[in-house]
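Worksheet: one structure, shown below.
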Amino acid sequence: MSALCVHGAGGGGWEWNVWRGALEAAGVCAHDFDLLPHPRGLAATGLEDYLAQVRERLLALPRPRALIGASLGGLLASACADRADALVLINALPPAPWHARLPVRDWPEVVPWRCEARLASTRRALPDADDTSALYAFRRWRDESGAVLRAAYAGIAVDAPSCPVLILVSERDEDVPPAIGAAWAQAWDAQLRRCPVDGHVAPLLGREAAAIAAQAGRWLSAR
């Protein structure tokens, strides 16, 4: 099976470094990429710009093919899952109606995660990561489109896909509370797995990332 890995807001394909190796060890050929802003810049970038990139890259993969998405990438993946044979969502931003349970946020035109990145704030975002991983992430955060995040938080309609779905949630996640993933999984008849980690990006960048990725790889290889 091939898998397209879709990163979250402010991140990049580098977020999947640990997952890529674990997935390939399970027989899943993993592909990641960087979501690109509109040619006019991040302030002109909309959710559809990112969705088009995910669809194009997914359709280029041979079947069977899976979509794996984290945070914003999870919402993008779920919206494109009609052309996938399996779907894995990791602390994903939810579609409507579960978006209404997200914490209220106010997003500027360009979210300055790169411009205002600090190692201390990165450590707070990655409480269970080692110092090397935190430094690696700190050097790679990027700014993000506020319009994309406003659209995601406003809620988009996504139909439940016909393919198998695995939803992974951190036990402690202030950005997307785990109860959202549980309700979403129940509505979509998806498998739900709770990850014993602290933080929104911990399943990708924390100390347990390899073990969580290996579990997802075994699930995918059995599809």
Side-chain angles (χ1 to χ4, degrees), residues 2-16 19-20 23 28 30-38 42-61 65-102 105 107 110-111 113 140-170 173 175-176 180-181 184-185 187-188 190 200-201 203-205 213 216 220:
S2 299
L4 181 65
C5 302
V6 188
H7 67 80
W14 58 268
E15 292 182 336
W16 300 101
W19 273 65
R20 191 185 312 110
L23 290 171
V28 178
H31 303 261
D32 59 67
F33 69 106
D34 291 344
L35 291 164
L36 299 177
H38 190 278
L42 279 172
T45 304
L47 192 66
E48 187 55 45
D49 293 307
Y50 286 169
L51 286 169
Q53 294 173 49
V54 174
R55 293 189 193 103
E56 179 180 5
R57 289 180 177 272
L58 177 65
L59 293 177
L61 297 182
R65 60 196 179 208
L67 269 169
I68 306 175
S71 191
L72 172 66
L75 178 61
L76 298 172
S78 65
C80 298
D82 59 323
R83 306 303 296 270
D85 302 301
L87 176 65
V88 178
L89 303 173
I90 308 150
N91 290 335
L93 293 183
W98 305 284
H99 75 288
R101 302 189 190 183
L102 290 170
R105 301 288 298 272
W107 304 104
V110 175
V111 185
W113 281 325
R140 288 163 176 81
W141 299 131
R142 70 176 203 178
D143 294 342
E144 189 53 87
S145 162
V148 166
L149 290 168
R150 286 194 296 272
Y153 273 69
I156 64 171
V158 175
D159 292 330
S162 58
C163 66
V165 180
L166 173 65
I167 294 181
L168 304 176
V169 298
S170 295
D173 182 357
D175 293 287
V176 182
I180 293 177
W184 187 0
W188 277 19
H200 185 60
V201 294
L204 270 61
L205 304 176
L220 283 171

For the atom pair [atom1] ([X]) and [atom2] ([Y]), what is the distance rounded to the nearest 0.5 Å?
X     : Y      : atom1 : atom2 : result
Trp14 : Leu204 : CH2   : CG    : 9.0 Å
Leu67 : Arg57  : CG    : CZ    : 12.5 Å
His7  : Arg140 : NE2   : CZ    : 14.0 Å
Glu15 : Asp32  : CD    : CG    : 10.0 Å
Leu89 : Trp184 : CG    : CH2   : 4.5 Å
Leu4  : Arg65  : CG    : CZ    : 10.0 Å

Output yes when a side-chain donor or acceptor of [X] lies under 3.5 Å from a complementary backbone atom of [Y], and no otherwise.
X     : Y      : value
Asp85 : Ala66  : no
Thr45 : Ser145 : no
Gln53 : Leu36  : yes

Between [X] and [Y], which heavy-atom pair has the shortest distance, and what is it?
X      : Y      : value
Ser78  : Trp188 : CB-CH2, 4.0 Å
Ile156 : Ala151 : CG2-O, 4.0 Å
Gly181 : Val169 : CA-CG1, 3.9 Å
Ala9   : Leu72  : N-CB, 3.8 Å
Leu23  : Cys5   : CD1-SG, 4.1 Å
Ala3   : Leu61  : C-CD1, 4.0 Å

Asp175: which residues meet the side-chain contact (heavy atoms from CB on, under 4.5 Å) condition with it, sequence neighbours left out? Arg105, Asp173, His200
Residues forming a side-chain contact (heavy atoms from CB on, under 4.5 Å) with Leu102, sequence neighbours excluded: Leu93, Pro94, His99, Tyr153, Val176, Ile180
So the salt bridge (charged side-chain N to carboxylate O under 4.0 Å, His left out) pairs with at least one residue in residues 150-164 (sequence neighbours excluded) are Glu109-Arg150
More than 12 heavy atoms of other groups within 6.0 Å of Arg20 CZ: yes
Do Asn91 and Ser71 come within less than 4.5 Å of each other through their side chains, counting heavy atoms only? no
Is the closest side-chain heavy-atom distance between Val54 and Leu35 below 4.5 Å? yes
